[in-house]
Amino acid sequence: MDAYERITRNAAEVVTEEEVEALAEDPDGKRAYVGYEPSGVLHIGHLLTANKLIDLQEAGFEVVVLLADVHAYLNDKGTFEGIRETAERMKEQFLAYGLDEEATEFRYGSEFENDEDYVLDLHELERETSISRAERAMSEIKSGDTVRVSQAVYPLMQALDIEYLDVDLAIGGMEQRKVHMLARDVLPKAGHDAPTCLHTPLIADLTSGEGKMSSSSGVSISMEDSTEEIAEKVNDAFCPPSADPEGDLENPVLQIFEYHVFPRFEDVVVERPDEYGGDLRYGSYDALEADLDSGELHPADAKGALADYLDDLIAPGRERLRELREA
RNA sequence: CCGCCCUUAGCUCAGACUGGUAGAGCAGCCGACUGUAGAUCGGCUUGCCCCCCGUUCAAAUCGGGGAGGGCGGACCA
């Protein structure tokens, strides 16, 4: 797998391809970042971007994880003190999940976002941005139903973070694309470069296959789930024997195999009772998808395997979380 | 600063005029059927009716005060 292929695999979108190709020619020392509002428990959505960070580290990138404490504060997620503690826990779980500690730079937003230079630059972006544009950028991200001024400032700070963290590539889920497009528009107006962006797909809601999975509503798989809870949630998931369900629906079980399991495991064994033909082994996602779609692989067997592999992925973080809570 | 509107189940809302032990849809949960889930049947759960004070035998409902949210006006010298 060449660098470009590794950088872009499983990406829903890259802006722009030309810019990423240029980065891929000499990835060593290039910097990529993702910002997260601190959350005490990583869920499967966080892990999707984390998988991309691991890809980038393997391609030679330096990775910056922004623990966006100020953003969380602006988005009404609590006091600075509480957010800070939450962020520490989040960092530990990322390391337990498999980010390379040597190649990962964890930064708190509050380390630099309150500096005078930063604030003055931020004001310049505020002058260049309409309220409605900022609000639109936040529509997929904000919490609560009342739009506050803090939420208009929020995406502008995301834009400026890219500049201040000296990042070559901004990573985020597809829900971040409006923020990133705003950044590409507004940063040049303030004399900065437009950032190159890479967006990961959104996994469909587990139980319905509709839209995107949300940790705030509906079922999500997280680092605090026990082996039994994972098995139960996976078993309850929507999973027609099809790679492309009718309508706008997706098959979340396949999506998780594609975006979470195969990127981290060389091959996948599906244990299957002898009466149904015995175990199956897959070296690629495509092969598994084809078998499910054709009926060779029954959804129930696929779910059993998915729960086992997810549990393997989650176990180190779950253990770390337990240690942190006991400490 | 002033005025008007809203607040009832997890969500969207009915009920308020005319006081009498709180409802619908959706969601959720449980069963049946499927070697998974969904769909489809069958069943079930859910409430500080925003808060406080008052009137009354009795207040989600009437009166007063307050909070939160939305909208508008005024101000633009």
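We name chains A, B, ... by the order of the sequence lines, and we start the count at 1 in each one.
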Separation of the [atom1] atoms in [N] and [M], to the nearest angstrom:
N      : M      : atom1 : value
B/rA14 : B/rU34 : P     : 44 Å
B/rU55 : B/rC71 : C1'   : 33 Å
B/rA16 : B/rC49 : C1'   : 11 Å
B/rG63 : B/rC6  : P     : 13 Å
B/rC1  : B/rU18 : C1'   : 38 Å
B/rC52 : B/rC48 : P     : 13 Å
B/rC53 : B/rA67 : C1'   : 15 Å
B/rC29 : B/rC2  : P     : 49 Å

Closest nucleotide among B/rG38, B/rG35, B/rG69 to the A/Phe238 side chain: B/rG38
A/Lys303 has its side chain closest, among B/rA37, B/rG35, B/rG69, to B/rA37
Residue closer to the 5' end of RNA chain B, A/Ala300 versus A/Glu232 (nearest nucleotide): A/Glu232
In whole Å, I'd like the distance from the [atom1] atom of [X] to the [atom2] atom of [N].
X        : N      : atom1 : atom2 : answer
A/Leu297 : B/rG35 : CG    : C1'   : 12 Å
A/Leu206 : B/rG28 : CG    : P     : 13 Å
A/Glu296 : B/rU36 : CD    : P     : 17 Å
A/Phe257 : B/rU36 : CZ    : C1'   : 12 Å
A/Glu250 : B/rG38 : CD    : C1'   : 15 Å
A/Asp236 : B/rG38 : CG    : P     : 7 Å
A/Asp274 : B/rG35 : CG    : C1'   : 15 Å

Find the partner of [N]: check Watson-Crick (N1-N3 plus N6-O4 or O6-N4) and G-U wobble (N1-O2, O6-N3) distances, both under 3.5 Å, and reply none if neither fits.
N      : answer
B/rG31 : B/rC41
B/rA77 : none
B/rG63 : B/rC53
B/rC4  : B/rG70
B/rA9  : none
B/rU18 : none

Give a yes or no answer on whether the side chain of A/Asp2 reaches the backbone of A/Tyr4 with a donor-acceptor pair at less than 3.5 Å. yes
Please answer whether the main-chain N or O of A/Ala11 pairs with a side-chain N or O of A/Thr8 as donor and acceptor at a distance below 3.5 Å. no
Under 4.0 Å between a Lys/Arg side-chain N and an Asp/Glu carboxylate O for [X] and [Y]?
X        : Y        : value
A/Glu88  : A/Arg84  : no
A/Arg318 : A/Glu229 : no
A/Glu128 : A/Arg133 : no

Where does the angle between the aromatic ring planes of A/Phe80 and A/Tyr73 fall among parallel (under 30°), tilted (30 to 60°) and perpendicular (over 60°)? parallel
Just N and O in the side chain of A/Arg272: are any of them under 4.0 Å from OP1 or OP2 of B/rU36? no
Looking at every strand, decide which applies to A/Pro245 at a 4.0 Å heavy-atom threshold: base, sugar-phosphate, or nothing. nothing
